[in-house]
Peer 1: 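The structure is given below, and queries will be raised subsequently.
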Amino acid sequence: MTDRASRKSNGQPGRVRTVLITGATDGIGLLLARAYAGRGHNVLATGRRVLADDQDLFDAPNIVYICADQSDPVHACSAIISAMQNMGWQHLDLAILNGATAWVGLPEQEPANGMKQLLDVNFRFQIHLAHALAPFLFEAAGRLVMIGSTATKKAQGRFATYTATKAGLDGLCRSLREEWLGRADVQIIHPGPTRTNMHAKAGLNIGLAKWFFMSPLRVASAIQYAIRRRDKRRVITRYFAFKARFSSAREGIL
Amino acid sequence: MKALVTGAAHGLGRALTEQLLASGHEVVAVDRDVEPLEKLAMKYRGACLACFADLQKVESIQNLLDRLQGSKFDLVILNAGISATGKFEEIPLQAYDRLISVNLGAPLHLASRLVGDEWMSAKSKIVFISSLSHVVGYPGGAVYAATKDAIASYAHSVAKPFRKKQVSVLTVFPGPIDTAHAQKHAPDQSSRSKRMAPEKLARLILKASRGRAKTLYPGGKTYLAACFGKLFPNQATRLMRRGLYDKMTGPSY
């Protein structure tokens with residue numbers, strides 16, 4: 001079923017694709033970058049960190065890393081576009097806009113500058129990058145994948161701004177998908193709580209709850225499954241992640 | 001009662017301000033364009049305070065808050081909003097930056113500070129203006145729709161923490177409004193008669209702000225459209241594409 005599905009959605013297997021993944025130095029992004037590189041695609045990974053030797057982190061020759069700080073969307077986007085041009089990429093098959101941060105606390109205590117930064121990193125940057133990538137994606141009839149969050153399903157008193165940015169991305173993808181119909185595909189994928197470092201970075205101690213969170217590896221494979229299936233909006237539940245285990249991508253398939 | 005209205009110079013904000021003043025309330029009217037507000041301030045001497053603020057800029061919002069130091073509000077309507085319509089990739093990024101700051105950054109900043117600094121009196125209300133696009137999508141205004149979705153989500157999230165401070169939250173999802181601003185972003189051939197008059201919408205919002213409702217889909221047509229959008233989200237967005245995106249002539253921002 002998998003092979004048939006993937007052949008249907010990706011044409012002939014074996015072509016090397018160009019893949020851009022943001023926020024790829026940690027968590028889900030890192031696993032996605034390794035997975036796509038492992039299948040033989042050329043991956044451009046971006047992140048905030050300045051890496052002394054990116055080969056150590058990614059362990060793959062076909063991953064190129066560039067530092068792009070999303071809190072400055074204008075510079076980050078121009079860095080990404082010039083990196084793509086330097087690599088000679090005329091088109092882009094897949095862009096996964098995964099990088100995000102969070103702030104935890106009561107909304108009335110949120111500092112104004114932190115709020116602005118969160119909006120820049122999680123929302124404004126994604127819009128700038130989608131805008132900049134549009135010609136590359138249209139060239140390849142490629143795919144723009146945004147990573148949201150299942151937090152958007154409920155009221156999140158202590159993650160209000162984070163959740164708002166993710167709900168914004170959901171709305172953006174919904175309208176943009178319709179606008180880009182026939183030119184490029186737009187998907188939004190909402191992973192459930194995942195055992196990554198994002199919570200710790202946001203200053204939240206998840207304690208024993210982490211045992212109820214899904215492992216990043218499983219979430220990353222479920223995201224790839226959702227991308228292969230071309231789901232326009234996918235919430236990664238435990239059941240979906242379980243189903244993803246029975247689907248494996250072959251070499252050369254996105 | 002003391003109220004704060006942003007984007008008070010034109011359109012819906014103007015109608016809200018006039019109705020609040022007419023019913024004898026005190027209003028702090030905020031806009032980038034203060035000239036029309038000064039006339040109102042002259043008419044309702046003492047009751048209307050016209051304040052300049054450019055909600056695109058964080059410093060300007062901070063100046064506004066400094067100026068209002070010590071106030072206690074019973075009603076805050078975060079109404080100011082702008083739009084940018086056309087093909088996503090044809091609208092310049094500066095327009096998106098403006099859109100994000102005014103439609104999303106400013107209301108979040110203001111709501112957080114007003115509640116955080118205890119400027120809301122007990123049993124007060126904050127009104128966020130989202131859009132019907134939250135339920136039906138908006139091809140041709142993707143980033144506008146995104147900011148309005150984000151506002152709806154934020155309002156939903158903060159309702160509980162704000163309630164502990166005795167502040168309740170109302171989110172309004174208006175459909176097309178008959179204002180000069182909306183006219184600029186609508187397709188040329190669309191008829192004005194189908195849009196709601198800002199005065200009527202203002203009446204509905206003020207009525208709902210006195211009640212306990214958490215959300216408001218003003219008017220029967222808006223409510224029906226919202227029901228359709230919730231039941232058939234894909235078809236609703238497809239219809240929006242046919243009705244708006246396919247008829248658009250060029251970007252407007």
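The sequence lines fix the lettering, A, B, ..., with proteins before strands; numbering per chain opens at 1.
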Peer 1: Under a 4.5 Å heavy-atom cut-off, does chain A meet the side chain of B:Leu108, its backbone, both or neither?
Peer 2: both
Peer 1: Closer than 3.5 angstrom, by distance alone: can the side chain of B:Thr6 be matched with the main-chain N or O of B:Asn79 as a donor-acceptor pair?
Peer 2: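 Flag set: sc B:Thr6 to bb B:Asn79 pair under 3.5 Å.
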Peer 1: Which atoms of A:Thr152 are under 4.5 Å from chain B, going by heavy atoms: the side chain, the backbone, both sets, or neither?
Peer 2: neither
Peer 1: For the aromatic rings, using the six-membered ring if either is Trp, is the centroid distance between A:Phe123 and B:Tyr96 under 6.0 Å?
Peer 2: no
Peer 1: Should the pair B:His134 and B:Phe173 be assigned to parallel (<30°), tilted (30 to 60°) or perpendicular (>60°) ring geometry?
Peer 2: parallel
Peer 1: I would like to know whether B:Lys72 and B:Trp119 meet side-chain contact (heavy atoms from CB on, under 4.5 Å); could you show each step before the answer?
Peer 2: CA-CA 5 Å; B:Lys72 280 271 184 194; B:Trp119 288 12; 5.9 Å; no
Peer 1: By a 4.5 Å heavy-atom criterion (distance strictly below it), what part of A:Ile127 contacts chain B: side chain, backbone, both, or neither?
Peer 2: both
Peer 1: Is the shortest distance from a Lys or Arg side-chain nitrogen in A:Asp93 or A:Arg143 to a carboxylate oxygen in the other one below 4.0 Å?
Peer 2: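 No, no charged N to carboxylate O under 4.0 Å.
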Peer 1: With a 6.0 Å cut-off on ring centres, are A:Phe213 and A:His199 close enough?
Peer 2: yes
Peer 1: Between A:Gln117 and A:Trp103, do the side chains contain a donor N or O and an acceptor N or O under 3.5 Å apart?
Peer 2: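 No, A:Gln117 and A:Trp103 have no side-chain donor paired with an acceptor closer than 3.5 Å.
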Peer 1: What part of B:Tyr138 gets within 4.5 angstrom of chain A, counting heavy atoms only: side chain, backbone, both, or neither?
Peer 2: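 For B:Tyr138, backbone and side chain are both near chain A.
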Peer 1: Please determine if A:Arg183 forms a cation-pi arrangement with A:Phe138, meaning its NZ or CZ atom is less than 6.0 Å from the six-membered ring centre and no more than 45° off the ring axis.
Peer 2: yes
Peer 1: Pick from B:Leu99, B:Val58, B:Leu104: which one has the most heavy-atom pairs with chain A under 4.5 Å?
Peer 2: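 That would be B:Leu104.
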Peer 1: Is it the backbone or the side chain of B:Val135 that comes under 4.5 Å from a heavy atom of chain A, or both, or neither?
Peer 2: backbone
Peer 1: Under the salt bridge (Lys or Arg N to Asp or Glu O under 4.0 Å) criterion, do A:Asp185 and A:Arg177 qualify, and how do the steps go?
Peer 2: CA-CA 6 Å; A:Asp185 213 354; A:Arg177 183 183 170 84; 2.9 Å; yes
Peer 1: For the pair A:Asp120 and A:Arg124, find out whether any cationic side-chain nitrogen is under 4.0 Å from an anionic carboxylate oxygen.
Peer 2: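 Salt bridge present between A:Asp120 and A:Arg124.
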Peer 1: Select, from B:Phe162, B:Phe88, B:Tyr144, B:Tyr154, the one with the greatest count of heavy-atom pairs under 4.5 Å involving chain A.
Peer 2: B:Phe88
Peer 1: Quick one: which of B:Ser112, B:Gly116, B:Ala111 has the most heavy-atom pairs under 4.5 Å with chain A, could you say?
Peer 2: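 Heavy-atom pairs under 4.5 Å are most numerous for B:Ser112.
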Peer 1: Considering only heavy atoms and a distance below 4.5 Å, find which of B:Ser133, B:Gly105, B:Pro139 pairs most often with chain A.
Peer 2: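 Ranked by contacts with chain A, first place is B:Pro139.
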Peer 1: Sort B:Lys165 into side chain, backbone, both or neither according to what part of it lies under 4.5 angstrom from a heavy atom of chain A.
Peer 2: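 Contact with chain A involves the side chain of B:Lys165 alone.
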Peer 1: Chain A: which of B:Glu89, B:Lys160, B:Lys164, B:His156 shares the most heavy-atom pairs with it under 4.5 Å?
Peer 2: B:Glu89
Peer 1: Is the closest basic N to carboxylate O distance between B:Arg238 and A:Glu178 below 4.0 Å?
Peer 2: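 Answer for the salt bridge query: yes.
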Peer 1: Using non-hydrogen atoms only, which part of B:Ile91 is less than 4.5 Å away from chain A: side chain, backbone, both, or neither?
Peer 2: backbone
Peer 1: Do B:Val76 and B:Met120 have side chains that get closer than 4.5 Å, going by heavy atoms?
Peer 2: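 Sidechains of B:Met120 and B:Val76: in contact.
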Peer 1: Side chain, backbone, both or neither: which part of B:Val115 has an atom under 4.5 Å from a heavy atom of chain A?
Peer 2: both
Peer 1: For A:Leu119, is it the side chain, the backbone, both or neither that has a heavy atom under 4.5 Å from a heavy atom of chain B?
Peer 2: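 Contact with chain B involves the side chain of A:Leu119 alone.
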Peer 1: Using non-hydrogen atoms and a 4.5 Å limit, figure out which bit of A:Ala132 sits close to chain B: side chain, backbone, both or neither.
Peer 2: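 Neither part; nothing is under 4.5 Å.
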Peer 1: Just so I understand: if I count every heavy-atom pair under 4.5 Å between each of A:Ala130, A:Gly171, A:Gly168 and chain B, which residue has the most?
Peer 2: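 Highest number of pairs under 4.5 Å: A:Gly168.
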Peer 1: Considering only heavy atoms, which portion of A:Lys232 lies under 4.5 Å from any heavy atom of chain B: side chain, backbone, both, or neither?
Peer 2: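 Interface part for A:Lys232: side chain.
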Peer 1: Report the option among A:Leu181, A:Leu169, A:Val74 that has the most heavy-atom pairs separated by less than 4.5 Å from atoms of chain B.
Peer 2: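 Top count of heavy-atom pairs under 4.5 Å with chain B: A:Leu181.
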Peer 1: Most heavy-atom pairs under 4.5 angstrom with chain B, which of A:Met115, A:His131, A:Gln156, A:Lys116?
Peer 2: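 Among the listed options, the one with the most contacts to chain B is A:His131.
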